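Since this is a predicted model, take the numbers as computed values, not measurements.
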Amino acid sequence: MLYAVQTRTTRRERLCSALRQAISEGSLPAESRLPSSRLLAAELTLSRVTVEAAYGQLESEGYLRRTTGQGTFVAIRMRPPAADKETAALPFTPSTRAAAVVTSGGCQDPPFPYAFAAGSPELRAFPHEQWRRIAARQQKLHGNALMRYGDPQGWLPLRQALSTYLGQARGVRCKPEQLIVLTSSQQALQMLALLLLDSGEEVWMENPGYPGARHAFQSAGARVTGVAVDAQGALPGDGAPRLIYLTPSHQYPLGSALSLERRLAWLALAEKRQSWIIEDDYDSEFWYDAQPMPAMQGLAPQRTIYLGTFSKSLFPSLRLAWMVVPEPLVTPLIRLRSVMDGHSAQLPQAVTAAFIEQGHYAAHLRLMRQLYHSRRDLLQERLSALLPDQLELLPCRGGLQMTVLLHEGDEADLTARAAAQQLLLPRLASCWFNQPPQQQGWLLGFSALERAEIISGVNRLATLF
Ligand SMILES: Cc1ncc(COP(=O)(O)O)c(C=O)c1O
């Protein structure tokens with residue numbers, strides 16, 4: 001029975017589409033008379049009921065007019081599209097706000113960690129079995145609750161687990177009520193830009209700096225001003241920015257840590273000018289020589305918005321990140337989130353919460369820290385041995401990639417030639433506001449590469465010079 005209904009519906013729909021098309025193309029002009037349903041049914045070997053239903057449907061849509069005793073007529077006149085216009089793309093100009101992002105190509109995250117794609121965790125060492133077990137248990141425990149609409153602020157047990165972890169590991173001062181779970185740090189930046197920046201307002205960020213942040217601010221129509229960076233991190237200037245974006249524990253991309261003196265200077269400026277500071281703590285879980293300084297947020301929780309992500313510490317497609325915000329921003333941000341994508345997926349949040357609570361997160365980080373440490377050492381050693389004059393290695397105390405400055409050759413040309421050798425070299429140029437950039441070089445990812453992959457990658461890189 002169901003099959004019969006489905007078949008009839010399909011035939012009726014097919015007849016409707018054919019008639020709509022004939023009317024739109026003009027092969028059935030306005031006021032032309034259609035055959036009676038009995039005649040058409042016989043002609044097309046359809047049942048009369050199907051033809052009646054199709055005529056009725058098109059009458060309700062306004063394509064046909066049916067008059068008792070007279071017949072069925074085409075009720076509208078449609079201008080047929082010119083043949084070439086039908087397929088030609090319509091001219092399109094992006095909005096002024098979106099233009100900078102659209103023309104720059106946006107963010108390009110590597111889908112596969114070829115040598116030396118940056119920012120990719122080692123997934124071959126991920127505790128898949130443990131993750132699967134926890135997922136099954138969480139699904140059993142919470143059942144349909146995980147399948148309903150969720151809290152735009154995030155799954156409460158995850159916020160609780162994160163606030164404890166961040167307090168202990170990073171000195172972040174927060175209650176679960178100040179924490180918002182998001183799909184990415186990028187989403188946090190986009191939301192903050194929307195909430196805090198009016199078109200034309202000034203935002204300061206490090207130059208060179210994280211392109212994702214620049215794109216988010218530009219797409220809000222803000223004026224983005226670059227701040228110089230040296231071995232002590234970003235240099236505080238004089239002015240009145242509405243918003244300041246910093247990567248204090250590991251400057252992106254040059255790798256320096258913001259000194260305590262500079263942190264205090266930035267906070268004093270923010271206090272004086274009533275600015276907000278965004279602290280992007282994107283990869284502070286991975287440190288090799290010494291533990292990074294606690295988060296800047298701990299010094300001024302009322303001025304600082306703290307961002308973190310699981311993209312590096314667990315896996316990027318998890319699409320979970322967080323922000324810790326001063327109390328007055330909580331409700332406005334939750335409301336904004338509710339009109340963007342509602343909330344993050346519930347099951348991954350529940351699994352992540354249990355993974356942290358049961359101590360697996362801390363254990364996983366310990367293991368990855370050791371693994372990445374040995375990979376950083378190997379990359380450093382191979383580059384120094386093979387390319388001592390061509391590359392300058394910047395200090396790499398932590399993170400998933402090493403920044404190298406180019407002393408010989410051209411960044412764009414070498415990057416293009418490297419691609420022919422299946423080498424992906426993330427360019428420093430994308431981090432500079434001003435072109436040509438002040439320094440040339442690359443951010444060489446090492447975390448997702450096994451020993452042999454690092455050795456072979458550096459060997460291939462050396463053949464380019
Ligand atoms: C400075 C910085 N912030 C944030 C992120 C990305 O985080 P997410 O994947 O959560 O947007 C990255 C990724 O490379 C980054 O380098």
Side-chain angles (χ1 to χ4, degrees), residues 101 103-124 207-212 214-215 229 250-255 282-283 286 288 311-312 316 371-465:
V101 176
T103 49
S104 75
C107 291
Q108 283 140 16
D109 294 314
F112 192 83
Y114 294 108
F116 292 96
S120 308
E122 175 56 279
L123 299 180
R124 290 170 286 195
N207 183 24
Y210 180 49
R214 197 170 74 234
H215 291 321
V229 177
H250 191 213
Q251 202 276 327
Y252 190 97
L254 300 181
Y282 63 106
D283 67 0
F286 303 108
Y288 311 124
S311 290
K312 323 285 165 195
L371 187 65
Y372 300 166
H373 188 162
S374 64
R375 292 176 177 186
R376 180 215 53 179
D377 288 353
L378 178 64
L379 178 61
Q380 226 158 22
E381 186 263 304
R382 289 287 74 209
L383 290 173
S384 310
L386 268 68
L387 295 160
D389 302 323
Q390 294 83 353
L391 299 181
E392 175 189 341
L393 315 188
L394 296 187
C396 174
R397 298 176 198 90
L400 311 185
Q401 61 257 347
M402 178 182 304
T403 302
V404 299
L405 302 182
L406 196 57
H407 285 188
E408 223 175 71
D410 175 71
E411 183 190 295
D413 169 55
L414 285 162
T415 307
R417 290 202 286 122
Q421 303 255 16
Q422 274 78 51
L423 279 182
L424 200 157
L425 303 179
R427 296 179 56 186
L428 264 190
S430 66
C431 302
W432 285 96
F433 298 15
N434 37 315
Q435 301 297 329
Q438 267 159 262
Q439 288 162 316
Q440 296 197 64
W442 299 299
L443 288 104
L444 302 182
F446 52 79
S447 45
L449 303 176
E450 283 175 352
R451 207 181 148 73
E453 293 165 329
I454 293 179
I455 294 173
S456 126
V458 177
N459 288 346
R460 276 178 285 148
L461 181 59
T463 63
L464 301 177
F465 288 88

Under the side chain to side chain contact (heavy atoms under 4.5 Å, CB included) rule, what do L379 and C396 come out as? Steps first, then yes or no, please. CA-CA 11 Å; L379 178 61; C396 174; over 6 Å; no
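Considering only residues two or more places apart in sequence or on other chains, F116 meets the ring-ring contact (aromatic ring centres under 6.0 Å, His included) condition with none of them. The side-chain hydrogen bond (donor to acceptor under 3.5 Å, both in side chains) search around T415 returns W442, not counting sequence neighbours.
Ring geometry for Y282 versus Y252: interplanar angle over 60°, hence perpendicular rather than tilted (30 to 60°). Ring-plane geometry between H373 and Y288 is classed as tilted, the angle between the planes lying from 30 to 60 degrees on a 0 to 90 degree scale.
Counting only distance, with no hydrogens or angles, the side chain of S447 and the backbone of S120 share a donor-acceptor pair below 3.5 Å. Side chain of R460 to main chain of Q421: a donor-acceptor pair is present (N/O by atom type, distance under 3.5 Å, no hydrogens or angles). Although no hydrogens or angles enter the test, the distance criterion places no donor-acceptor pair under 3.5 Å between the side chain of T403 and the main chain of L394.
Scanning both residues, F446 and R375, for their nearest heavy atoms gives O-CD, 3.7 Å. Of all heavy-atom pairs spanning S104 and H215, the tightest one is OG-CE1, 2.9 Å. Listed here is the closest heavy atom pair of L400 and D283: N-OD2, 3.9 Å.
Judged as a salt bridge (Lys or Arg N to Asp or Glu O under 4.0 Å), the pairs with a partner in residues 392-411 (not counting sequence neighbours) are, in order, E411-R427.
The 12-atom threshold is exceeded at CZ of R124, counting heavy atoms of other residues, nucleotides or ligands nearer than 6.0 Å. At most 12 heavy atoms of other shown residues, nucleotides or ligands fall within 6.0 angstrom of atom OH in Y114.
For the atom pair L444 CG and I454 CD1, the distance stands at 10.5 Å (nearest 0.5 Å).
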